[in-house]
Amino acid sequence: MGGPVEEELAALRLADHHCHGVTRHDLDRDGFEALLGEGRRWPGSGISPFDTPLGVAVRRHCAPLLDLPRHAPADVYLERRAELGAAEVNRRFLAASHTGELCVDTGYAPPGATVPAELAELAGGRAFEVVRLESVAEAVAARGVEPDEYEGAVRAAAEEAVGRPGVVAVKSVAAYRTGFDLDPRRPTPAMVAAAARHWLTAGGRRLADPVLQRHLLWTAVDLGLPLQLHAGLGDSDVRLHRTDPTLLTDWLHLTAGTIPVLLLHCWPHHRQAAYLAAVFEQVHLDVGLTLHHVGPGRARTILAEALEITPFRKLLYSSDACGPAEFYALGALAFRRGLGGLLQDLVDADELSLPDALRIARWAGAENARRVYRFPAVS
Amino acid sequence: MGGPVEEELAALRLADHHCHGVTRHDLDRDGFEALLGEGRRWPGSGISPFDTPLGVAVRRHCAPLLDLPRHAPADVYLERRAELGAAEVNRRFLAASHTGELCVDTGYAPPGATVPAELAELAGGRAFEVVRLESVAEAVAARGVEPDEYEGAVRAAAEEAVGRPGVVAVKSVAAYRTGFDLDPRRPTPAMVAAAARHWLTAGGRRLADPVLQRHLLWTAVDLGLPLQLHAGLGDSDVRLHRTDPTLLTDWLHLTAGTIPVLLLHCWPHHRQAAYLAAVFEQVHLDVGLTLHHVGPGRARTILAEALEITPFRKLLYSSDACGPAEFYALGALAFRRGLGGLLQDLVDADELSLPDALRIARWAGAENARRVYRFPAVS
Amino acid sequence: MGGPVEEELAALRLADHHCHGVTRHDLDRDGFEALLGEGRRWPGSGISPFDTPLGVAVRRHCAPLLDLPRHAPADVYLERRAELGAAEVNRRFLAASHTGELCVDTGYAPPGATVPAELAELAGGRAFEVVRLESVAEAVAARGVEPDEYEGAVRAAAEEAVGRPGVVAVKSVAAYRTGFDLDPRRPTPAMVAAAARHWLTAGGRRLADPVLQRHLLWTAVDLGLPLQLHAGLGDSDVRLHRTDPTLLTDWLHLTAGTIPVLLLHCWPHHRQAAYLAAVFEQVHLDVGLTLHHVGPGRARTILAEALEITPFRKLLYSSDACGPAEFYALGALAFRRGLGGLLQDLVDADELSLPDALRIARWAGAENARRVYRFPAVS
């Protein structure tokens, strides 16, 4: 592995500040490919999700964790996976990720996914929960609510949700629903009620109303917990050009001094995210999800771009693993290799001192998350 | 040249899925510089199109194909070019490109350019035709048509055009004319007639009406052939920020399951194009034009960015050569060196197996295009 | 340092076409950190501006110029800085930058900053002045003016300002105030008067009216001097997505053939800026400010991206130094190392001839600026 920075990162117990449950049941080829491609399986197209940078990375880096040779063919990989069984596979990949804390977004999980406590056990670490605000609002709508009572009901439900033990943050998928080009101001109660009436009358299912969306962002401010914001790449529901986080600049000005904001994934807008992290005290970022999609061979370039102007206290690690446990192992590996190689080269070129490099590695890998989320002490 | 992947690509007969005619007549300095700079010659400015990454690449890589030393001065280069004559020069550069199939956009060619059959002969390969939809509509307008008959006339003319032997695809330059921020829905006949009335009354020359533009995109869907879409860089007619292909996301949702879409050039939005190729089955991309503009020394970085998350079945090769035959040789060289170096390094770092790398090289260089365009068997 | 291109650049006296005054008084930790972070100091946050790529670069590259070891701790650095005193510190860093000409933007300077003549003396070079148009308009408003006389008064004040000895260019911060998504047409006198009335009635302080802003851009055209335009990164006042310079394409078409336009900083839109420099004769760019923020270790990547398609006559050097004199030394070092390494590697790979590389280095480092600004001969 090389130099001391890479060794430090290889040994570091990571804090994964944004992840999801993994599938508990065994997966056949169709099931695995569907999860590998985030639903981007195209039956009959002749295109396999294995024929992607992610698929190649799974065969290269995950196969050995299942006792297979590197670059094992997809069929061999899936056969061995089935042979070991989901429980053992999940255990191996979570253990390989060497993660100490996991902040689990419980607002989305594939069918049959682990709950946070199971993830914690698999990883040998501690799991915390991230409450997805759109899910809270949609649950309020599903239960039935009068438009005039919507605002209060969402507030009460959100407060109840974040009051549960282990909740450390909230999350919004505004990027998916409306994009970030929202009026930054807090909507008035009358505006919220009118928008709620419109939405509830239409069935109150997938929340994608701009007024209700920004109401949720302001709800996050009221709740006082760190707010995770999906930014950049995702599935085909995203309109990528509307997920540039600099579209939120006015809102960040209005809410400066309130809650920490954590920009997730960010690619291909990671330089834009870095800019926000450089000029707003409350803004942090990660390049989770991106790292396992591009694979360990490319992760370093993405991290180098993300770190061009980012204060070292502002970069966090996340896997955004969801579904196959492989993503826990891959995300952690890509982060460790990418950041380790990047910092080590700076040390070797005498652009950075070794103590500084080790400190930055520990900050990004774990301490920045601990600082933002203030995980409770181990009891 | 190095490793086996580079050798594979060096020997591979490429399929160039988007290109144009080359100039048949001899070129003096003014004529050559005008074509080198895509009309960006600035007489009296003291700035020569040779003083660009492209100009440097021509002197470095094309000079030896004219029996000159590498980096020959521009004057020496032009003198030798004139001495050999256009026919011989064209033959040498097309042969050097080692291209098997050429899909020729006949909607734009410099004066005195070769027709597809001539290109095929020069290359020792087969030429196919790409029909530019804006040209079809503009020809309908030029012939004279009533607004109410415009839709039918365009449909008939387009069907006739694509019915000609050798036509394998259609192309739209919506990026140049209106940009991609179009209403994604199919316009009604009444809307098309009203827009046609407006356009025809104004002279019916350069089609740049948003309704007529999206009508052409939907015409492509009706025709059922693959649709090539210019995206990203071009000449100064482009408003680059309107050529981000993710602006087409809603249209891609509406037309999913119909025709293949091929995003051309893409730089600097190639990551955005890659995202679309990753989440939409029908979307493919190339970084043609870009590659010869940045030159073989930089092509690899562009390809690495374009391939970060792109499924390996989705990257195609194109030269977008137009005018000087040099661009055929340069585009092919930049692609081979760039992709070869990238894949070979991944193999050397054991991130990719050699058989996988060879397969990806063949796919991107030729087989993906054959798959999309279904070139007829050699008779 | 390596090869001949790096040596050429190390010895070259640069022309810094956009910079600001440096602080004349001694700085305590608070004062220095505030300037290091461009006002981005977050007291009580526990985040030091030293914990950034810029802070690391200061400790690495500036400490030795103060007789300290590389990577000296921040406290040691500040102590030594105080011990030497601002005058000596400024002298050392300006001398280290080895700059021949400085174009000083006098529209913004930190309190107690040097005037251009002082900078010239510190650098052992010549200083010229860049007049900020927004400051001219705001001074007109502050003096008191009738709305109907605003246009004439601004015109007269601007003409007077640029008529002062040593003025070589004007600058606009439209990117900060309204962004570039402006109506490109010249506003009519009635429109200017109406907008002026609105602005003056509201107090006439920070000019951010879209009509008055584009009036200033057209004023620049009338003045006939080169126009510097801030683009891309800046402090939190910027809405980064509105600073993409391709938003100015229509205005560049309308004003082609009039004045040179110099795009400053540009990151993360430097590829967009490069595109404009490639297709518009009048457009030039630099990556100043960016270079010291990312540091010498990363400058090369930014320059490589900026130069992908940029004509070699179009890239200029600027430090955009402002406040601490460190930025003069760092900006120059990052430019020299970045461009030198990039060009030398192209020479070593035989992609570029050595004479071409040396010429490009001299052009970008000094001669392109001399060509655009036509500095008077030394008297």
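In the text below, chain A, chain B and the rest are named by the order of the sequence lines, each starting its count at 1.
Taking all atoms of both residues into account, the shortest heavy-atom contact from C:D356 to B:R59 is OD2-NH2, 2.7 Å. Closest heavy-atom contact between B:W42 and C:E281: CB-OE1, 3.2 Å. Of all heavy-atom pairs between C:T249 and B:V238, the closest is CG2-O, 3.7 Å.
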Go through the steps for B:R239 and C:L247 under the test side-chain contact (heavy atoms from CB on, under 4.5 Å), then give the verdict. CA-CA 7 Å; B:R239 272 60 179 164; C:L247 292 166; over 6 Å; no

Assess whether side-chain contact (heavy atoms from CB on, under 4.5 Å) is satisfied between C:E351 and B:H71, documenting all intermediate values. CA-CA 9 Å; C:E351 287 290 323; B:H71 315 295; 5.9 Å; no

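Taking the salt bridge (Lys or Arg N to Asp or Glu O under 4.0 Å) definition, one finds that C:D183 meets it with C:R185, C:R214, sequence neighbours left out.
A distance of 12.5 Å separates CZ in B:F50 from CZ in C:F312, rounded to the nearest 0.5 Å. Taken to the nearest 0.5 Å, the CG atom of B:D51 stands 3.5 Å off from the CH2 atom of C:W363. For the atom pair OG of B:S45 and CD of C:Q282, the computed distance is 11.5 Å after rounding to the nearest 0.5 Å. With values rounded to the nearest 0.5 angstrom, C:L307 atom CG is found 11.5 Å from B:T52 atom OG1. Taking OG1 from C:T246 and CG from B:D244, the interatomic distance works out to 10.5 Å, rounded to the nearest 0.5 Å. B:L233 contributes atom CG, which lies 5.5 Å from atom CD1 of C:I309 (distance to the nearest 0.5 angstrom).
For the pair C:Y275 (side chain) and B:P268 (backbone), a donor-acceptor distance under 3.5 Å is absent. Formation of a donor-acceptor pair under 3.5 Å by the C:H253 side chain with backbone atoms of B:S236 is found in this model. A donor-acceptor pair under 3.5 Å links the side-chain atoms of B:R60 to the main chain of C:D350, judged by distance alone.
Contact count against chain C (heavy-atom pairs under 4.5 Å) is highest for B:H241 among B:R242, B:H241, B:R70. For the options C:D250, C:L276, C:T310, heavy-atom pairs under 4.5 Å to chain B are most numerous at C:D250.
For C:A277, the part lying near chain B is the backbone, with the side chain staying farther off; criterion is any non-hydrogen pair under 4.5 Å.
By the 6.0 Å contact criterion, CD on C:E367 is enclosed, its count of non-hydrogen atoms from other residues, nucleotides or ligands being greater than 12. No more than 12 heavy atoms of other residues, nucleotides or ligands lie within 6.0 Å of CZ in B:R205, so this atom counts as exposed by the packing criterion.
Below 4.5 Å, heavy atoms of chain C meet heavy atoms from B:V294, B:P296, B:G297, B:R298, B:I302, all part of residues 294-304 of chain B.
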